[in-house]
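Take a look at the structure below.
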There are 2 protein chains.
Amino acid sequence: MLKEERQHAILNEVELHNKVLLTDLADKLNVSVDTVRRDVKELDEENLLVKVHGGAVSLGFANHSPQRNNVYALDKKVAIAKKAIALLRNNSVILIDGGTTCLELAKLLPTNLKLTCFTISLPVAMELLRKPNVETIFIGGTLSRDSQISMGPSAIHALSEIKVDYSFIGTGYVDTEFGLTEFDWDVVQTKKAVINASKKAVLLCISEKLNSQHRFKTCSLNVINTMITELEPWDTKLTPFKNQNTQIL
Amino acid sequence: MLKEERQHAILNEVELHNKVLLTDLADKLNVSVDTVRRDVKELDEENLLVKVHGGAVSLGFANHSPQRNNVYALDKKVAIAKKAIALLRNNSVILIDGGTTCLELAKLLPTNLKLTCFTISLPVAMELLRKPNVETIFIGGTLSRDSQISMGPSAIHALSEIKVDYSFIGTGYVDTEFGLTEFDWDVVQTKKAVINASKKAVLLCISEKLNSQHRFKTCSLNVINTMITELEPWDTKLTPFKNQNTQIL
DNA sequence: AATATATTTGCATTTAATTGCAGTTTTAGA
DNA sequence: TCTAAAACTGCAATTAAATGCAAATATATT
């Protein structure tokens, strides 16, 4: 039996039942478990199914909801959030963007810290409501299905009417030359408004996003007052960013 | 049984009933309570549900404990939500209030129905984002910690600028004489704005709230175009409400 | 067709993940 | 405050995954 043929059969099986056990497949296809495992691994790498411990599930069945990937690089995000929190004082007025790093910031806010927090992110808002000393104001707008943030003209207009002490923002990509960039045009427009709504913009960014870029530009690096990564400020990976007038924490 | 499969089943169960006991899950899935506990812990870390002592609750019902009867009368709320959905047409523009009955409405919206939905409720917004054919607009404002809705002047102002086909609202108390009443002053102000933001106001209200009142008045009954309860319209409990010019479903 | 080369497959071994259980600590609710 | 139920911890047994290697099979080239 050809590999091609076998993988086709595996895909059919997965599509049909949404889940498959490697042992069942091996049995049905008369090959060893190792072989099906390798097949499934390949199919997974081609994003045709999702490999899980003991078997595979169809793409539709897999839980890759917007919230799902949160666990990724959590320790780094926690480190970043802690540095960001050190900037805050009682009665600070801040604005928190969407994204998993910003969500981590919201989660880790000390319960005794008195704050006024604006946000455009639904998950961040949920977290903020759990903090007894935080007054939370949600910036309304059209909600984006995958990033779960307010966007569009009404969000941008609402943002144009505020000026907070700090905005904490995330970004898809950052580069010394191209600055902050994103995959999505609407997101860029919204982030611009977020940055303009603050006296100081603080970028929260895990180091693996450094030196990467995409289609649309949010702003140049020099618009960012402070950049926080999980690295020590003297880490060599950060040296290209030191020529800018952005503080690095 | 695959772990993925089990976690999927757990999520389904939580979505369906809003709450779930670990012991019940263990029983149903034929695994130990420890295993279920570990699964639920993972799902919680991925923000797909909220783990609580003894079980788990859906994201919308966070803050409530599973044993406590805050999610009570679910079947009645489902019945009400279904009647409300029957009013909707493709391309309807609606506004959904907070509260558990309205949340149930959001959950049960058919996935093929094209809608534009405004809402002031964080949990409702979360649910709406899961509907592929619903455009969701969140009305910004100061968030209330316990009701998880936008309130205050900016929410009221934003509401003053829209006029949707239907608003679906909940209430704390309702009475033929005093109309709709609430415990909280700010909530009343917001609900007034919600009602004004719609051509037709639809009250979703389980029968046990009938003939009860509290401090602050939202509006008289005759401001409400349609009142939906879980009862049949000819039920004797509804007779006192029939003298009004409110349609009863 | 024959040979050389590359790929695929199965097996043994090591490594890692999952699960249930027992004992202890913590929690919720009376 | 007290008590029963639930959560956590460490542990052992089971099961799956990864790795290296040799045999088998497929592919390409002459």
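Here is the naming used below: chain letters follow the sequence lines, and residue numbers restart at 1 for every chain. Note: hydrogens, waters and symmetry copies are ignored here, and every other heavy atom, side chains too, is used. In this text, all values refer to a predicted model and were calculated from it rather than measured experimentally.
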Name of the residue among A:Cys117, A:Ser121, A:Pro123 meeting side-chain contact (heavy atoms from CB on, under 4.5 Å) with A:Leu128: A:Cys117
Write down the distance between CG (A:Leu25) and P (C:dT9), rounded to a whole number of angstrom. 14 Å
Quick one: which residue pairs count as a salt bridge (charged side-chain N to carboxylate O under 4.0 Å, His left out) with a foot in residues 97-111 of chain B, not counting sequence neighbours? B:Asp97-B:Lys191
Give the stems involving DNA chain C, where a stem is 3 or more consecutive Watson-Crick or G-U wobble pairs (i with j, i+1 with j-1, and so on) under 3.5 Å. C:1-30 with D:1-30
In whole angstrom, give the distance that lies between atom CG of B:Asp39 and atom C1' of D:dA6. 17 Å
It should be established whether A:Arg6 places a side-chain nitrogen or oxygen under 4.0 Å from OP1 or OP2 of nucleotide C:dT8. no
Mind checking what makes salt bridge (Lys or Arg N to Asp or Glu O under 4.0 Å) contact with A:Arg37, not counting sequence neighbours? none
Using the salt bridge (charged side-chain N to carboxylate O under 4.0 Å, His left out) rule, collect all pairs that involve residues 165-175 of chain A, keeping only residues at least two apart or in two chains. A:Asp165-A:Lys199
Partners passing ring pair (Phe, Tyr, Trp, His ring centres under 6.0 Å) against B:Trp185 (at least two apart in sequence or in another chain): B:Phe216
Can you name the side chain to side chain donor-acceptor pair (under 3.5 Å) partners of B:Thr171, sequence neighbours left out? B:Glu182
Check salt bridge (Lys or Arg N to Asp or Glu O under 4.0 Å) between A:Lys28 and all other residues, then give those that pass, not counting sequence neighbours. A:Glu13
Output one letter per nucleotide in nucleotides 12-25 of chain D: B when a protein non-hydrogen atom lies under 4.0 Å from the base, S when only the sugar-phosphate is that close, - when neither is. ----SB-B------
Residues forming a ring pair (Phe, Tyr, Trp, His ring centres under 6.0 Å) with A:His214, sequence neighbours excluded: A:Tyr173, A:Phe183
